[in-house]
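Keep in mind that the numbers below use all heavy atoms, side chains included, and drop hydrogens, waters and symmetry copies. Reminder, nothing fancy here: chain letters follow the sequence lines and each chain counts from 1.
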Protein chains: 2
Amino acid sequence: MNTVAPVKISFKQQMLQAREDAIIRAVNQLLAEKGFEAMTVDEVAAQVGIAKASLYKHFPSKEDLAAAAMAHLMGQAQAFLDTVPLALSPLDKLRTVVRWTMGLKLGGEMPSLPSQNSTLRATLMGNRAYMDGLVDVSDRLGGWIEAAQAQGAINPRLPAIAVLYTLYARACDPVLEFLKMSELHTDEEIIELVLSTCFDGLNAR
Amino acid sequence: MNTVAPVKISFKQQMLQAREDAIIRAVNQLLAEKGFEAMTVDEVAAQVGIAKASLYKHFPSKEDLAAAAMAHLMGQAQAFLDTVPLALSPLDKLRTVVRWTMGLKLGGEMPSLPSQNSTLRATLMGNRAYMDGLVDVSDRLGGWIEAAQAQGAINPRLPAIAVLYTLYARACDPVLEFLKMSELHTDEEIIELVLSTCFDGLNAR
DNA sequence: GTCTATATAGCGATAGAC
DNA sequence: GTCTATCGCTATATAGAC
């Protein structure tokens, strides 16, 4: 008698999950397009094709919408890290990840949040999925950074945390969009250019 | 008979200028603290100590307030460029300027604007003082960049415009505030750290 | 859970007296 | 030019029917 119920529940949950996935995709795109402050909940609802009040049944606030999008992004990052070839050197692993984040940014799929909004920060830090993902990603990148420094591939005199921040910052680097606006280079050229300035620096070698 | 009038006019203009300077200082600080969207005109008026309606007698919109602050920043930048020792190499001149911008940022004096807001962009581009300052600063930095590349100090294979954007981006680099929040380094150490990653890159040399 | 309709509040901008 | 008071709009969030 309880052989059917799990299926019905699972189906309902699948519908719920699909709806929430659609919401998160819309939020992700709008966050990438206009940023958190300029994104309105009405736009999100319109893009998903549901009423605004329905949105609030899924997520209790605009901040939680953004946090869910960031948690989703962390999940994507974790999945990408799993695909990075083990055979690569730690340095090349890091370069691969940074290439991926810059590709997302140039493709308009990288949500951007203001680092100054305090209520948003509180919601983010209260989101377990996001925080767990962030810690996992940071740990794995941190391991590669330390390995690359031990090999002498990355400057060992730089604090590992500074290297990590520098790599994260490439995901929201305004140089990417400025170069894209100039329309002088393809996305791939822009990525290799910024990757070069990031790892090799501006100075001649 | 016209020996007094100019003085009275000049005095009035001085008062006006002083008032507008106070406004711009307030806008600059609030823009650095909270960004354009989070800054409210009421806060600006309160900080200056005048009524909001009085603000609108000086500047016709919130966007114009921000543009005036950016124009003031460009004036500061031009003044700083004048103080850079001629004896320095082009590379060291650039490093000096970037150090200065990062010091402003860490000191909470670097106004930050969203690069996506279209009406703000329009107001900025319609502000002659800002645009003229930006062009002048960019020209002078561009000259130093090309000289440094000709000397082989800066990688000649990088487009000069990409180098310019990369230097500008240090003024709003989130790595600065993240390192400051970690409270592991002094402002000077942070500046030298980011300066090193910018010019020397992450890779070991 | 989804909808329509509405409450509530904050903000940019203005009216009008002085 | 400065003030007080207010308009008009937009945006987050909610009430209540279905």
Against the side chain of B:Glu63, the closest entry in D:dA11, C:dA13, D:dT4 is C:dA13
Starting at atom CG of B:Asp42, determine the distance to atom P of C:dG12, rounded to an integer number of angstrom. 7 Å
Side chain of B:Ala53 only, please: which of C:dA15, C:dC3, D:dT12 is the nearest? C:dA15
By nearest atom, which of the nucleotides D:dC3, C:dG12, D:dT14 is closest to the B:Val41 side chain? C:dG12
Quickly work out the B:Glu37 CD to D:dT12 P distance and round it to whole Å. 12 Å
Charged N-O contact under 4.0 Å between B:Lys180 and B:Asp187: yes
Within less than 4.0 Å of OP1 or OP2 of D:dG1, is there a side-chain N or O belonging to B:Ser54? no
Stacked cation flag A:Lys62 on A:Phe36, 6.0 angstrom / 45 deg: yes
Rounded distance in Å - NZ (A:Lys52) to P (D:dA13): 10 Å
Do other residues, nucleotides or ligands put more than 12 heavy atoms under 6.0 Å from A:Met15 CE? no
Could you state the atom-to-atom distance from NZ of B:Lys57 to C1' of C:dA15 in whole Å? 9 Å
For A:Met39, report the nucleic acid contact type (base, sugar-phosphate, nothing); a contact means any heavy atom under 4.0 Å. sugar-phosphate
Does the distance from a Lys or Arg side-chain N to an Asp or Glu carboxylate O, for B:Arg140 and B:Asp136, drop under 4.0 Å? yes
Side-chain atoms of B:Ala51 come closest, of C:dG1, C:dC3, D:dC3, to D:dC3
Whole angstrom is fine here: how far is it from OH in B:Tyr56 over to P in C:dA13? 4 Å
Just how far, in rounded Å, is P of C:dC3 from NE2 of A:His58? 9 Å
How many Å lie between CD on B:Glu20 and C1' on D:dT2, as a whole number? 14 Å
d(CG, B:Asn117; P, C:dG12) in whole Å: 12 Å
Between B:Glu33 and A:Gln116, does a side-chain hydrogen bond (donor to acceptor under 3.5 Å, both in side chains) hold up when you go through it step by step? CA-CA 8 Å; B:Glu33 237 172 59; A:Gln116 296 157 324; over 6 Å; no
